[in-house]
Enquirer: 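The structure follows.
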Amino acid sequence: MIHRLDFPQTAVLMSSLRRQYPFHLIEPKWQRHWEAEQTFRAFNPGEAVPDDHPFAQRHGAGDPAAAGRDWPAKYYILDMFPYPSGAGLHVGHPEGYTATDILARYRRAQGRHVLHPMGWDAFGLPAEQYAVKTGRHPRITTEQNVATFKRQIRSLGFSYDWSREVDTTDPDYFRWTQWIFLQLYHAWFNPGTNRAEPIDTLTYPPECDTEAERRAYRDERRLAYVTEAPVWWCETLGTVLANEEVIDGRSEVGGHPVVRRPMRQWMLRITAFAERLLQDLDTIEWSASLKEMQRNWIGRSEGAEVDFALADDQASDEAGRRHIRVFTTRPDTLFGATYMVLAPEHPLVDRVTTSEQRAAVEAYRAEVTKKSDLERTDLAKDKTGVFTGGYAINPVTRGRIPIWIADYVLISYGTGAIMAVPAHDTRDLEFATKFDLPVVQVVQPPDEATDWRGFVEAGISVNSTGPEVSITGLPTVEAKRRITEWLEARGLGRKTINYKLRDWLFSRQRYWGEPFPILWRKDADGTLYHEAVATADLPVLPPPLDDYKPTPDGQPPLARATDWIQLPDGAVREVNTMPQWAGSCWYYLRFLDTRNADAFVSPAAERYWMGADRSTPGGAAPAPGIDLYVGGTEHAVLHLLYARFWHKVLFDLGHVSTPEPFYRLVNQGLILGEDGQKMSKSRGNVVNPDEILVEYGADAFRLYEMFMGPLQETKPWNTKGVDGVYRFLGRVWRLFVDEGSEQDFEQQCAVHPEADPALLDGLRLTAAIREVEPTDAQLKALHACVKKVTEDLDGLRFNTAISAMMVFVKEAIAWEARPAAVMRPFLQLLAPFAPHLAEELWDRLHAHLDQRAPSLGYAAWPAYDPARLVEDELELPVQVNGKVRDHIRVPASATPEEIEAAARAAARAQPFYAGKTIRKVIVVPGRLVNIAAS
RNA sequence: GCGCGCGUGGCGGAAUUGGCAGACGCGCCAGACUUAGGAUCUGGUUUCGAAAGGAGUGGAGGUUCGAGUCCUCUCGCGCGCACCA
């Protein structure tokens with residue numbers, strides 16, 4: 001049921017004095033109507049469409065599939081669903097929502113079957129922190145916040161199909177989040193097929209002959225696996241964080257310090273999909289900058305791994321001499337490798353360190369661990385490091401080179417060790433200079449004048465001849481290839497591709513998240529192992545708790561629920577929970593079939609809405625995936641990368657039919673405060689939509705959000721600016737409504753201050769609106785507007801579409817007769833932008849004409865006739881040397897020769913070339929004439 | 001440091017493939033209707049100039065009959081990445 005807009009009473013009294021039009025009655029009226037009629041319901045394949053639904057009136061009733069009809073082409077348009085915070089909506093949220101709503105209504109009018117849903121990403125830290133402080137269950141806070149968000153979003157009149165609302169904290173939802181986690185758990189990545197496959201397709205090596213060994217082998221290869229690895233721990237938040245959630249050594253949320261600490265954690269094997277996540281970016285329509293961010297994050301780099309033997313290694317065990325494996329993108333500079341550097345954490349450090357150097361090495365390592373990661377990666381800081389005393393053999397020069405440790409080499413990237421080529425690597429050069437290590441040129445810059453020291457680009461190899469191989473004289477690309485082939489032939493190295501992307505740390509030590517559907521058991525040997533909760537036992541609900549803090553011994557809060565953890569058969573539950581990203585990784589799929597109790601989505605619904613069935617006559621081919629996804633840039637890597645990853649796993653396992661979820665994605669720009677600063681509570685520049693709605697109404701608010709500027713740009717809010725679009729709506733109102741009846745109406749309003757839509761019934765439309773033949777000028781104004789609005793909507797240029805409507809209204813308001821055949825299509829153009837006002841006037845227009853009003857949302861979008869736009873006569877500027885000097889009027893059919901003759905005759909232009917020679921006359925038909933004279 | 005994006009009136013912003021810079025809106029100025037106006041309507045509003053005319057899209061060059069748009073350099077702002085070998 002639609003609530004009334006609960007305006008604060010005083011504000012209503014103050015603002016109602018000068019209302020441009022009675023939006024306070026119109027808006028609740030139509031919101032209630034849409035709710036009652038279920039106007040914006042989208043129907044799934046196989047679902048019966050009620051006869052009286054407007055969709056049925058346009059596209060046919062009943063089950064179109066059963067009736068042998070085809071479904072209209074689908075259009076799936078999605079907003080990034082919000083985290084319902086306690087602060088409620090601010091004007092930034094509805095920017096994207098308004099844009100998508102306008103497009104949803106536009107596509108619906110064009111006959112597309114539109115899916116436009118909304119939901120709540122409601123697990124998360126604020127509700128939990130609030131619970132820790134107050135003891136109030138996060139469920140209660142969450143429900144309140146959802147209610148606030150929903151009220152605010154509904155008051156804007158968006159055409160969401162609310163029957164598909166999802167809430168990630170609803171057990172009927174997260175049952176499937178857990179189910180998808182189990183799909184990952186029960187799968188492995190087969191490098192042979194480059195796909196995720198069920199874990200039972202895994203073949204075991206012969207040495208795994210006990211069940212325990214096979215289990216260990218299997219568990220190491222699952223897409224969801226457990227590892228004991230250094231992770232980012234945030235003391236303040238009391239949880240670990242994913243790499244992506246740590247910015248400059250601080251938590252992305254709240255900016256708290258984080259430290260590296262080894263812990264047993266769940267990981268998801270996103271790195272296996274790095275190449276596909278990268279390559280498939282080419283198949284989707286995202287902005288170049290967003291794709292670039294994802295590419296950077298994935299961080300593919302091609303190079304070679306090279307093994308450097310330890311010079312004085314005493315080991316003579318069967319493994320033979322130990323070596324240090326490095327990754328380099330410049331194998332062609334191998335001859336210039338004059339020393340090596342290991343990350344301080346590298347496992348071989350102990351082995352290579354000599355007894356004389358041990359004290360120094362230990363001291364350095366201790367110092368490094370003390371440093372926070374912020375200090376370690378601090379900008380432009382001095383290089384530090386110590387010599388280990390050990391040496392390695394350069395495989396091509398056969399020379400002994402010293403092995404150092406330094407914290408500029410990261411354990412987490414590549415092999416955690418490098419060959420240092422100071423001549424052609426900036427960092428190595430800096431280090432070598434500081435510690436006086438040799439610098440040997442091996443690349444000649446193409447330009448003689450360029451200094452070879454620190455030259456890091458491609459050139460010609462020099463000084464690159466050893467006892468067994470030479471690449472001297474080869475250009476860099478060739479040299480890389482040759483040396484890599486040689487290394488491969490000798491078993492000393494191989495071509496390798498490295499990614500910056502790390503596996504996704506998936507567990508959190510929190511209460512308010514999805515529990516893992518995992519149990520721990522001990523086998524006969526007392527070894528702990530994990531197993532999946534049976535699908536039938538999902539969802540695993542979080543236990544009730546009174547205290548949401550971690551346990552005193554540092555266990556996650558779920559460990560407090562001792563009864564819940566312990567199963568009767570001796571199994572123990574996993575006490576970590578999933579990160580907030582889990583729920584948002586797949587919500588767009590749940591929208592397709594929200595209430596399905598048997599599957600996360602039915603195959604038929606999935607195939608239809610994701611566009612796998614492309615046989616849709618009578619419409620554009622649906623996009624493979626979501627047609628348009630709109631949201632902020634803040635999710636450029638995290639959410640969008642995680643969701644793409646899950647989608648690919650589900651695709652490989654046959655649960656979804658498209659390789660990518662979001663075919664087209666647009667980032668809306670940030671809305672700044674009136675002071676041009678980012679909106680924030682501390683700055684006190686937050687604009688609350690509720691206040692704008694009281695003063696101006698939802699339609700004006702929507703219009704202003706779109707009129708401010710291009711959707712993708714950052715732009716400042718200016719409440720004064722709302723006046724402009726508000727006046728425009730007032731002019732539209734007066735374009736239709738009879739002045740006399742409006743005066744009576746205003747008196748009625750004054751007598752009955754309580755908002756009652758029934759009062760609207762007293763209004764009449766102006767007698768100027770008649771069924772008369774439109775003039776050519778009127779048709780031209782209309783068709784120009786239809787063309788502009790249509791094209792601008794296709795290009796997401798909402799601001800200029802609105803301006804075109806303003807131009808039309810300005811012209812139309814001067815007409816003594818306003819032909820219904822012109823005014824009616826205009827309302828259709830206005831409808832996506834200002835749906836409440838358009839519905840009211842549409843309804844009245846049809847009553848005025850004694851016609852039955854078809855449902856505005858489903859009325860066919862007006863077409864424009866280019867023939868209506870052609871002019872008989874054109875006005876062209878006449879330029880002399882590029883400057884406009886005069887104008888001429890010529891018939892539209894004039895030939896270039898005739899235009900030139902007219903231009904030469906243009907009197908005001910003549911003085912500017914009098915006495916000069918006309919060198920050339922450029923005639924651009926329909927545009928201008930330029931006389932070049934000197 | 002590297003990568004990407006953006007610089008147009010007092011302000012938000014318009015300007016097809018290079019073709020009349022400043023659409024539309026805010027603000028401001030003047031007028032009309034008014035007891036009144038944060039209402040409505042009309043006109044004006046880049047800048048210098050009385051005008052004729054000149055200048056003008058961060059700055060400097062270039063290509064072109066013609067550049068806000070293309071090219072080179074440069075300055076400023078924003079965003080992303082940041083010892084990734």
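In what follows, chains are A, B, ... by sequence order, proteins preceding strands, each numbered from 1. Computed from a prediction, not measured in an experiment: that's the story for all the values here.
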Enquirer: How long is the gap from OG1 on T714(A) to NZ on K678(A), to the nearest 0.5 Å?
Expert: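 Going from OG1 on T714(A) over to NZ on K678(A), the span is 9.5 Å.
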Enquirer: Just to be sure I understand the rule, does V884(A) reach a base, reach only the sugar-phosphate, or reach nothing, if contact means heavy atoms closer than 4.0 Å?
Expert: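 The answer is sugar-phosphate, as V884(A) gets under 4.0 Å only of primed atoms, P, OP1 or OP2.
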Enquirer: I need the CG-C1' distance between L429(A) and G1(B), as an integer number of Å.
Expert: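 These atoms are roughly 15 Å apart.
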Enquirer: Atom CE of M706(A) to atom P of G25(B): distance rounded to whole Å?
Expert: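 For the pair M706(A) CE and G25(B) P, the rounded distance is 19 Å.
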Enquirer: Nearest whole Å is fine: how far is G12(B) C1' from D723(A) CG?
Expert: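 Taking CG of D723(A) and C1' of G12(B), I get 14 Å after rounding.
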Enquirer: What integer number of Å spans the C1' atoms of U40(B) and U16(B)?
Expert: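 U40(B) and U16(B) have their C1' atoms separated by 37 Å.
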Enquirer: Which is true for E713(A) with a 4.0 Å heavy-atom rule: it touches a base, it touches only sugar-phosphate, or it touches nothing?
Expert: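 No contact.
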Enquirer: If you assign E875(A) and P716(A) each to the RNA chain B nucleotide with the nearest heavy atom, which residue ends up on the more 5' nucleotide?
Expert: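 Result of the comparison: P716(A).
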Enquirer: Measure CD1/I497(A) against P/A85(B) and give the value in whole Å, please.
Expert: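 Roughly 13 Å, once rounded to whole Å.
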Enquirer: From CG of L711(A) over to P of G5(B), roughly how many Å is that when rounded to an integer?
Expert: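 The answer, rounded to whole Å, is 19 Å.
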Enquirer: Nearest-nucleotide wise, let me know which of A932(A) and Q879(A) is further upstream toward the 5' end of RNA chain B.
Expert: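 First, find each residue's nearest nucleotide; the 5'-ward one identifies Q879(A).
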Enquirer: Check R330(A) with D332(A), please: is the shortest side-chain N to carboxylate O separation under 4.0 Å?
Expert: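 Yes.
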